[in-house]
Amino acid sequence: MTTFVDRVELHVAAGNGGHGCASVHREKFKPLGGPDGGNGGDGGSVTLVVDTSITTLLEYHHSPKRKAVNGRPGAGGHRTGSTGDDLVLPVPDGTVVLDREGNVLADLVGHGTSFIAAAGGRGGLGNSSLASARRKAPGFALLGEPGEARDIVMELKSVADVALVGYPSAGKSSLISVISAAKPKIADYPFTTLIPNLGVVTAGDTVYTVADVPGLIPGASQGKGLGLEFLRHVERCTVLVHVLDCATLEPGRDPLSDLETIEAELSQYGGLEDRPRLVALNKIDVPDGQDLADITRASLEEAGYRVFEVSASSRQGLRELNFAMAQIVAEARAAKPAEESTRIVLRPKAVDDAGFTVTEEDGAYRVRGIKPERWVRQTDFSNDEAVGYLADRLARLGVEEKLWKVGAKEGDTVIIGSEENAVVFDWEPSMAAGAEMLGRRGEDHRMESPRPAVDRRREKQKGRDAAETEYLAFEALSSSRPSAIDEVDDEDI
């Protein structure tokens, strides 16, 4: 059963904003109570937060869909809907967040670092918030905005100071189990280590972490073996330590050829050329291993490597290797510039920035912008007054003027929004804007347009209603008039 996952695809969906409420206050002796519809609550957001107690993405591998809570709608009596709770997802230290195209969205390093993966939708305004001096009792409210939803990819890159790299069964797991308190699985067959293991090592006053990277083989950078899955775990390391097997029984292998092969794979993976290298000739407790280490040490030192002869079994040479790794880590930490507190710079947009664009596409005119698209999502198109309010806002923003400038004419198709979620309508440039054009609550005569089919149905319904009324009147008259037999009987009497 899988216990370690370092890459997952996650679908996150924020909560939708609650709808605003259209309500008018009604109370005895208060005939003019006015609008009292409350605003809808904001939807909850999906936030990723680094938690150092977590070391794997296994939880999201089993549950790849996460959704935050929706905001509650507003209510009468100026009652605002409750805000949806944010969904906080703990992730391991060193998690990189990417979109489906591979673009990096966030690099989460350090306990408590957070990233909003999906923002919650804003709640709609109630009619009490939409009231003005000229629109005293709006008969509509704004809808809540839908929450953001998208697919993200999370990759875990271990945050360690030293990475142990080498062939399978080179003794990396044994080495880290001796120099730290880590207890990785150790066996005498290749690919025993299937997950990166982290261990904390103390050398004098320096405390650093060591990562045991699963074994690399030729072609690892192209996906062979386990290398491609775990080479990302060496990207953040300060020091690379080549663990070379001096007691291998495989034909055609020796420490020098192993080193060349691993370096070739690291070079093809890229981004690791500037990391200092150390070489650990392991398993010198074996007689043939000591002889092979003596033969190859000179060649490695001529190539510029610092070489240490070690044995995880007898612990020979481990102290010198520990202090050498600690020295490089300490020097790298000292050379790292001190982190300064982030200076927040506010850059407000220009006052005259309309914030929208109008382009012609295949005979239609598309309006794109944060404000127009948000206003469209907030509009209840079943309410004429709400549609008229949208027309007022677009006119004040300058959309009609811009359409005139780009050559739009009456009856042309205008599209507001992206291709996935757009509103299409025929433009009527003569439409006036202003609250003085309103009629009864929920109505706006500017939205009236000739609808022959509807008019015909209404005329037929009126005719049926008139016929039914005439028939009922005739029935009532017939029931109240005496019959001929009754009249004769009366005369005889």
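The figures here come from the full heavy-atom set of this structure, side chains too, leaving out hydrogens, waters and symmetry mates.
- Looking at every heavy atom in both residues, Thr47 comes nearest to Ser114 through CG2-CB, 4.0 Å.
- Here the side chains of Val376 and Glu373 are not in contact, with every heavy-atom distance at 4.5 Å or above.
- How far CD of Gln378 is from OH of Tyr389: 8.5 Å, rounded to the nearest 0.5 Å.
- The environment of CG in Asp205 is sparse: at most 12 heavy-atom neighbours from other residues, nucleotides or ligands sit within 6.0 Å.
- Each of Asn282, Leu281, Val307 was evaluated against Leu244; a single residue qualifies, Leu281, per the side-chain contact (heavy atoms from CB on, under 4.5 Å) test.
- Closest heavy-atom contact between Glu361 and Arg366: OE1-NE, 2.9 Å.
- For Ala211, the side-chain contact (heavy atoms from CB on, under 4.5 Å) partners are Ala160, Leu198, not counting sequence neighbours.
- Using a cut-off of 4.0 Å between Lys/Arg side-chain N and Asp/Glu carboxylate O, Asp42 and Arg122 are scored as not salt-bridged.
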Any chance you could lay out the salt bridge (charged side-chain N to carboxylate O under 4.0 Å, His left out) test for Arg66 and Glu59, step after step, and finish with the verdict? CA-CA 11 Å; Arg66 301 301 178 99; Glu59 178 183 356; 3.6 Å; yes

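- For the side-chain contact (heavy atoms from CB on, under 4.5 Å) test, residues two or more places apart in sequence or in another chain that qualify with Ala330 are Thr206.
- In this structure, Glu263 pairs ionically with Arg277, as a charged nitrogen and a carboxylate oxygen lie closer than 4.0 Å.
- Under a 3.5 Å cut-off, the side chain of Thr95 and the backbone N or O of Val91 do not form any donor-acceptor pair.
- Using a cutoff of 4.0 Å between basic side-chain nitrogens and carboxylate oxygens, Asp107 and Lys157 are not scored as salt-bridged.
- For residues 317-328, the pairs satisfying side chain to side chain donor-acceptor pair (under 3.5 Å) are Gln327-Glu331, with sequence neighbours left out.
- Proximity of Leu278 to Leu240: side-chain heavy atoms (C-beta onward) are nowhere separated by under 4.5 Å.
- Applying the salt bridge (Lys or Arg N to Asp or Glu O under 4.0 Å) test to Asp258 and every residue at least two apart in sequence or in another chain returns Arg253.
- For the pair Leu87 and Lys67, the tightest heavy-atom approach, listed with the atom from each and the gap, is CD2-O, 3.6 Å.
- Here the straight-line distance linking atom CD1 of Ile416 with atom CZ of Arg374 works out to 13.5 Å at 0.5 Å rounding.
- Under the 3.5 Å distance criterion, with hydrogens and angles disregarded, a donor-acceptor pair is assigned to the side chains of Ser129 and Asn39.
- Taking CD1 of Ile116 as the start and OG of Ser45 as the end, the distance is 5.5 Å to the nearest 0.5 Å.
- Here the closest non-hydrogen pair linking Ile284 and Ser311 is CG1-CB, 3.9 Å.
- Annotation: Arg315, atom CZ; neighbour count of heavy atoms from other residues, nucleotides and ligands within 6.0 Å does not exceed 12.
- In this structure the side chain of Glu9 reaches within 4.5 angstrom of the side chain of Arg100, judged on heavy atoms.
- The SG atom of Cys21 sits 13.5 Å away from the CZ atom of Phe140 when rounded to the nearest 0.5 Å.
- Remark: side-chain polar atoms of Asp161 are not paired, donor with acceptor, to backbone N or O of Tyr208 under 3.5 angstrom.
- Side-chain atoms of Asp212 and Ser173 form a donor-acceptor pair, as typed in the model, at a separation below 3.5 Å.
- The distance from the CZ atom of Arg306 to the CG atom of Leu321 is 9.5 Å, given to the nearest 0.5 Å.
- With sequence neighbours excluded, the residues forming a side chain to side chain donor-acceptor pair (under 3.5 Å) with Ser257 are Asp254, listed by chain and number.
- Taking CG of Asp285 as the start and OG of Ser314 as the end, the distance is 5.0 Å to the nearest 0.5 Å.
- The pair Asp245-Lys283 meets the salt-bridge criterion, with a side-chain N (NZ, NE, NH1 or NH2) lying under 4.0 Å from an Asp/Glu carboxylate O.
- In this structure, the side-chain contact (heavy atoms from CB on, under 4.5 Å) partners of Val286, at least two apart in sequence or on a different chain, are Ala247.
- Classified by interplanar angle (parallel below 30°, tilted 30° to 60°, perpendicular above 60°), the ring pair His242/Tyr305 is perpendicular.
- Using a 4.5 Å heavy-atom cutoff, the side chains of Arg368 and Thr359 are not in contact.
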